[in-house]
Student: 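For reference, the structure I am asking about is given below.
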Amino acid sequence: MHRAGAPGLSRSGKPPESVISLNWSDIPQNRLNIPLTLTSGQCFRWEQTPEGEWYGAVGNSLVRLKPEEAGFWWETYPEPGRWDLIHRYFALDVDLEGLYAQWRRREPRIAPSLRRWAGLRILRQEAQEAFFAFHCATCNTVVKITRSVRALAQRYGEPICDLNGKTFYRFPDVKRLSDASERALREDLWGFRAPRVIASARHLRMQEPGWLESLRERPYREAHAELMRLEGIGAKVADCICLFALWHDEATPIDTHLWKIAVELYRPDLRGRSLTPALYQSAADLFRDRFGAYAGWAQQYLFLDALNAGRTYTT
DNA sequence: TTTTTGCCTCTGG
DNA sequence: CCAGAGGCAAAA
């Protein structure tokens with residue numbers, strides 16, 4: 001497992017004027033590609049400035065990042081120097097190179113994707129934000145999910161702090177969402193997903209506090225089954241929540257793209273078949289057999305191939 | 001078990 | 001203008 005040396009606080013050389021107050025981490029882009037990771041469709045609230053800086057809410061903090069090839073500048077607000085936040089959010093304890101080697105042994109055909117998307121990571125996101133954001137993913141586009149999630153945060157979220165004349169918001173808590181109006185959510189483009197968000201918020205509110213986070217400690221299969229009991233959460237959204245909100249790295253969401261890839265790579269006999277619950281299960285198990293405990297991470301590389309054919313991302 | 005259909009709304013053919 | 005978008009659930 002990789003460890004960031006002195007916890008990201010070391011300074012290298014002379015920082016440019018604009019980043020004079022930022023901290024430096026020497027984790028290079030091929031072990032953490034920030035722009036790629038933040039635009040890979042797993043999170044929806046980061047904003048990039050024309051200067052190439054990234055601003056995003058992580059829990060009740062605002063994180064500011066300026067990536068470079070050899071590492072990245074960073075700061076947190078309002079409490080500065082929270083390297084622990086960044087280390088966890090980007091799952092920097094996970095050894096990417098080791099995963100690549102393991103995956104290539106098991107499935108050599110993944111090699112081009114690993115080159116194309118080198119440094120892509122699965123984020124350790126706040127449970128509730130990812131839980132609700134992926135309610136929005138059913139039959140939707142990343143562009144529209146982004147608009148919907150941001151609108152929701154501005155409408156019902158508590159402000160974190162102001163920076164450069166802009167206010168950044170927390171993701172709304174369950175109480176606010178359970179009292180939200182369906183009409184407001186529909187104005188924010190949630191469409192037929194709006195009542196599902198409110199229903200899920202009410203469900204969470206009826207559980208013990210911390211119930212959602214407690215699913216992180218349960219085995220993946222149990223967490224997945226628990227989520228599927230909620231109205232409006234099927235196998236695919238449950239897997240997105242398991243992977244992105246609950247940090248179950250073996251969860252492999254099978255969307256329409258991954259289904260085609262599974263058919264192409266392993267089951268040409270199923271070409272043209274629709275994705276039934278039984279076939280969903282077998283496809284997901286297939287990827288888990290192939291890629292192991294971090295199959296969800298491998299899935300994200302294959303997903304990006306389909307989502308963004310032709311795009312490569314170095315800085 | 002599987003396929004079909006409706007559901008919000010935007011975008012690319 | 002239509003089909004499809006990181007689906008889901010109800011119905012047959």
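Hydrogens, waters and symmetry mates are skipped; everything else that's a heavy atom, side chains included, is used. Below, read A as the first sequence line, B as the second, and so on, with proteins coming before strands; counting in each chain starts at 1.
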Student: Charged N to carboxylate O under 4.0 angstrom, A:Arg170 versus A:Glu126?
Tutor: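 Yes, this pair counts.
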Student: Using whole Å, what does the distance between atom C1' of nucleotide C:dG4 and atom NE2 of A:His257 come to?
Tutor: 10 Å
Student: To check you understand the geometry: which heavy-atom pair defines the closest contact between A:Ser113 and A:Leu302, and what is its length?
Tutor: OG-CD2, 4.0 Å
Student: Just the rounded figure in Å: distance from P of C:dG7 to CG of A:Leu258.
Tutor: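 Nearest whole value for this atom pair: 11 Å.
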Student: Which whole number of Å gives the distance between the P atom of C:dC8 and that of B:dC10?
Tutor: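 About 22 Å, rounded to a whole number of Å.
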Student: So what does A:Gln300 touch, heavy atoms closer than 4.0 Å: a base, only the sugar-phosphate, or nothing?
Tutor: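 Result for A:Gln300 = nothing.
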Student: Roughly how many Å is it from CH2 in A:Trp259 to P in C:dA5, rounded to a whole number?
Tutor: 15 Å
Student: Go nucleotide by nucleotide along DNA chain C from the 5' end; which of A:Asp255 and A:Gly232 gets its closest nucleotide reached first?
Tutor: A:Asp255
Student: Could you tell me how far apart A:Leu270 (CG) and B:dT1 (P) are, to the nearest whole angstrom?
Tutor: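 Roughly 15 Å, once rounded to whole Å.
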Student: Indicate whether any N or O donor in one side chain lies under 3.5 Å from an N or O acceptor in the other, for A:Asn33 and A:Trp117.
Tutor: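 On atom types as modelled, these side chains do not qualify, holding no pair under 3.5 Å.
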Student: Salt bridge or not for A:Glu182 and A:Arg186, using N-O below 4.0 Å?
Tutor: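 Answer for the salt bridge query: yes.
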Student: By the 4.0 Å heavy-atom rule, please label A:Leu230 as base, sugar-phosphate, or nothing.
Tutor: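 Sugar-phosphate, backbone atoms only, no base.
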Student: Please list, for nucleotides 9-13 of chain B, all pairs of protein and nucleotide N/O atoms separated by less than 3.5 Å.
Tutor:
| from | atom 1 | to | atom 2 | distance (Å) |
| --- | --- | --- | --- | --- |
| B:dC10 | O3' | A:Arg147 | NH2 | 3.3 |

Student: Does A:Arg288 come within less than 4.0 Å of A:Asp285, counting only side-chain N to carboxylate O?
Tutor: yes
Student: Could you give the NZ-to-P distance, from A:Lys236 to C:dA5, as a whole number of Å?
Tutor: 12 Å
Student: Should the heavy atoms of other residues, nucleotides or ligands under 6.0 Å from CZ of A:Arg109 be counted, would the total exceed 12?
Tutor: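 For A:Arg109, atom CZ is crowded (more than 12 foreign heavy atoms under 6.0 Å).
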Student: Identify whether any heavy atom of A:Ser148 sits under 4.0 Å from a base atom; if not, whether one sits that close to sugar-phosphate; answer base, sugar-phosphate or nothing.
Tutor: nothing
Student: Taking 4.0 angstrom as the limit, do A:Arg121 and A:Asp93 come out as a salt bridge?
Tutor: no
Student: So, are A:Arg205 and A:Asp173 salt-bridged, with charged N and O less than 4.0 Å apart?
Tutor: no
Student: Starting from C1' on B:dC7, measure out to CD on A:Glu231 and report it in whole angstrom.
Tutor: 14 Å
Student: Could you check whether A:Phe244 gets within reach of a base, just the sugar-phosphate, or nothing at all, counting any heavy atom under 4.0 Å?
Tutor: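 Base, at least one base atom sits under 4.0 Å.
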Student: Using atom P in both nucleotides, what's the gap between B:dT1 and C:dG7 to the nearest angstrom?
Tutor: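 Each nucleotide's P atom is 23 Å from the other's.
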Student: Can you check the distance between C:dA5 and B:dT2, where both ends of the measurement are the C1' atom (answer in whole Å)?
Tutor: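 23 Å, rounded to whole Å.
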Student: Taking the nucleotide of DNA chain C with the closest heavy atom to each, which residue, A:Arg196 or A:Lys260, is nearer the 5' end?
Tutor: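 Result: A:Lys260.
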Student: Flag the pair A:Lys175 and A:Asp179 as a salt bridge only when some basic side-chain nitrogen lies within less than 4.0 angstrom of an acidic carboxylate oxygen.
Tutor: yes
Student: Side chain of A:Arg193: nearest nucleotide among B:dC8, C:dA9, C:dG7?
Tutor: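 Of the candidates, B:dC8 comes closest.
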Student: Expressed in angstrom and rounded to an integer, what is the separation of A:Arg273 atom CZ from B:dT3 atom C1'?
Tutor: 10 Å
Student: As a check on the pairing definition, encode DNA chain B in dot-bracket form, counting Watson-Crick and G-U wobble pairs whose two distances are under 3.5 Å, and using | for partners outside this strand.
Tutor: .||||||.|||||
Student: Hey, can you tell me if A:Tyr301 and A:Trp103 have their rings parallel, tilted or perpendicular (30° and 60° cut-offs)?
Tutor: perpendicular
Student: Base, sugar-phosphate or nothing for A:Ile233? Non-hydrogen atoms, less than 4.0 Å.
Tutor: sugar-phosphate
Student: What is the distance, to the nearest angstrom, from the CZ atom on A:Phe192 to the P atom on B:dT5?
Tutor: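 Distance, rounded to whole Å: 17 Å.
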Student: Between A:Ser274 and B:dT3, is there a side-chain N or O to OP1/OP2 distance below 4.0 Å?
Tutor: yes
Student: What nucleic acid atoms does A:Thr276 come within less than 4.0 Å of, heavy atoms only: base, sugar-phosphate, or nothing?
Tutor: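 Base contact.
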Student: Answer with yes or no after comparing the ring centroid distance for A:Trp211 and A:His203 against a 6.0 Å cut-off, counting only values under it.
Tutor: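 When the ring centroids of A:Trp211 and A:His203 are compared, they turn out to be within the sub-6.0 Å range.
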